[in-house]
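First the structure, in the form of structure tokens, and then the observations on it.
Quick note: numbers below take in every heavy atom, side chains included, and nothing from hydrogens, waters or symmetry partners. Labels below follow one simple rule: chain letters A, B, ... track the order of the sequence lines, proteins then strands, and each chain is numbered from 1.
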Protein chains: 2
Amino acid sequence: MDRAETMTPHDLVPDAAPSPGIDLAQLRVRAREVSGLLKLLANPGRLLIACELMDGERTVSEIEQRTGVRQPNLSRDLARLRAAGLAATRRDGKAVHYRLKDSRIQLLMTALCAAFASDLKSSSVASKDTLS
Amino acid sequence: MDRAETMTPHDLVPDAAPSPGIDLAQLRVRAREVSGLLKLLANPGRLLIACELMDGERTVSEIEQRTGVRQPNLSRDLARLRAAGLAATRRDGKAVHYRLKDSRIQLLMTALCAAFASDLKSSSVASKDTLS
DNA sequence: TATCAATTTTGATAAATGATATATGTGAGG
DNA sequence: CCTCACATATATCATTTATCAAAATTGATA
């Protein structure tokens with residue numbers, strides 16, 4: 001296929017780090033943990049769930065309606081978020097309210113918004129997952 | 001098991017959005033695309049690879065040495081990054097140099113650094129993946 | 001050709017996913 | 001108290017996808 005196709009001359013890309021002062025050390029050391037967090041968001045359904053929770057507390061049924069993720073799968077995904085310490089719950093009668101608990105996921109979601117917000121140059125990064 | 005166990009009173013968590021002005025609309029609309037990008041980083045090896053490329057251009061062998069990802073797997077992961085339009089290559093004799101191409105992955109990596117940099121309260125988000 | 005660098009392929013195993021069925025837990029009425 | 005309906009949780013299963021290691025392949029240089 002197209003192995004090393006682009007072949008751009010190096011001169012066009014200064015070899016320096018793009019963002020000068022960022023500290024990658026923690027990321028390297030905790031690569032497992034970080035990638036685990038990313039994996040939780042690396043699914044269209046769970047990403048939509050996270051979007052919902054960014055708006056504040058939401059009931060399971062509310063999330064189901066608004067994301068289209070089917071209830072059993074939704075419940076499973078919410079359980080995953082809880083197990084990872086990213087979400088917490090509160091029961092009010094029959095309904096269970098979910099909310100985000102961990103600040104890192106909020107930082108991350110905010111960064112994602114910044115990266116994709118007014119980003120018209122949509123790339124080819126795609127996924128084959130369906131939506132539950 | 002422990003269904004809705006935490007039961008924290010709602011009062012402790014104001015229902016308002018944590019970050020006021022962020023625009024989740026794009027994230028929702030492009031959930032597939034975004035989760036596809038996240039999936040690429042949602043693996044310890046690939047995350048380490050991305051860390052390397054944040055520092056600038058790197059040869060495949062350099063990345064192999066520094067990340068410990070075995071060469072055939074490394075090559076496949078780099079190919080994924082290329083296919084997603086996130087990385088570009090330049091050949092110099094036998095060596096192929098990789099570099100990051102897309103600004104979104106850089107924003108994302110920077111955000112990850114910010115989220116995990118001086119974050120001592122390590123959570124239980126973990127992954128079972130090994131390192132290639 | 002011999003050799004080193006990088007890529008692709010293959011096969012085995014594990015994990016995620018989506019669908020469906022079933023169970024639990026809670027409040028409302030009888 | 002008992003049962004029903006509703007909200008949520010869990011179990012299970014078939015299918016897809018990701019993972020890693022090992023082997024075979026291509027590319028470039030000496």
Requested in this report: Pick base, sugar-phosphate or nothing for B:S61, based on heavy-atom distances below 4.0 Å to the nucleic acid.
Outcome: sugar-phosphate
Query raised in the report: Tell me: CZ of A:R90 to P of D:dT8, nearest whole Å?
Result: 12 Å
Query raised in the report: Per the atom types in the model, does the base of C:dA5 pair as donor or acceptor with the side chain of B:Q71 at under 3.5 Å?
Result: no
Query raised in the report: Does D:dT19 have OP1 or OP2 sitting under 4.0 Å from an N or O in the side chain of B:N73?
Result: no
**Report entry** Residue A:P72, side-chain atoms from C-beta onward, closest of D:dT8, D:dA9, D:dA23
**Finding:** D:dA9
Query raised in the report: For B:L47 and D:dT19, what is the distance between atoms CG and P respectively, to the nearest whole Å?
Result: 12 Å
Requested in this report: In whole angstrom, give the distance that lies between atom CD of B:Q65 and atom P of C:dC4.
Outcome: 15 Å
**Report entry** Between D:dA18 (P) and B:D77 (CG): distance, integer Å
**Finding:** 11 Å
Query raised in the report: In chain order, what residues pass the side chain to side chain contact (heavy atoms under 4.5 Å, CB included) check against B:A25, with sequence neighbours excluded?
Result: B:D23
Query - Carboxylate-amine/guanidinium contact A:R104 A:E33, below 4.0 Å - result: yes
Query raised in the report: Between C:dG18 atom P and A:L48 atom CG, what is the distance in whole Å?
Result: 11 Å
Requested in this report: Please check the phosphate of C:dT7 (OP1 and OP2 only) for any side-chain N or O of B:S75 closer than 4.0 Å.
Outcome: yes
Query raised in the report: Rounded to whole angstrom units, what separation is found between the CD atom of A:E62 and the P atom of D:dA7?
Result: 11 Å
**Report entry** Short N-O contact, A:D55 and B:R28, less than 4.0 angstrom
**Finding:** yes
Report task. Run the salt-bridge test on A:R90 and A:E57 with the 4.0 Å N-O cut-off and return the result as yes or no. Result -> yes
Report task. Could I get the full list of side-chain hydrogen bond (donor to acceptor under 3.5 Å, both in side chains) partners for B:R66, not counting sequence neighbours? Result -> B:E52
**Report entry** Presence of A:Y98 side-chain N/O under 4.0 Å of D:dA7 phosphate oxygens OP1/OP2
**Finding:** no
**Report entry** Nearest-angstrom distance from the residue atom CZ of B:R70 to P of D:dA22
**Finding:** 7 Å
Query raised in the report: Starting at the 5' end of DNA chain C, which residue's closest nucleotide do you reach first, A:R76 or A:K94?
Result: A:R76
Report task. Starting from C1' on C:dA5, measure out to CD1 on B:I63 and report it in whole angstrom. Result -> 13 Å
Report task. Could you tell me whether the phosphate oxygens of C:dT17, OP1 or OP2, come under 4.0 Å of any side-chain nitrogen or oxygen in A:R46? Result -> yes
Query raised in the report: OP1 or OP2 of D:dT19 sitting under 4.0 Å from any side-chain N/O of B:R80?
Result: yes
Query - C:dT17 phosphate, OP1 or OP2, under 4.0 Å from A:N43 side-chain N/O - result: yes
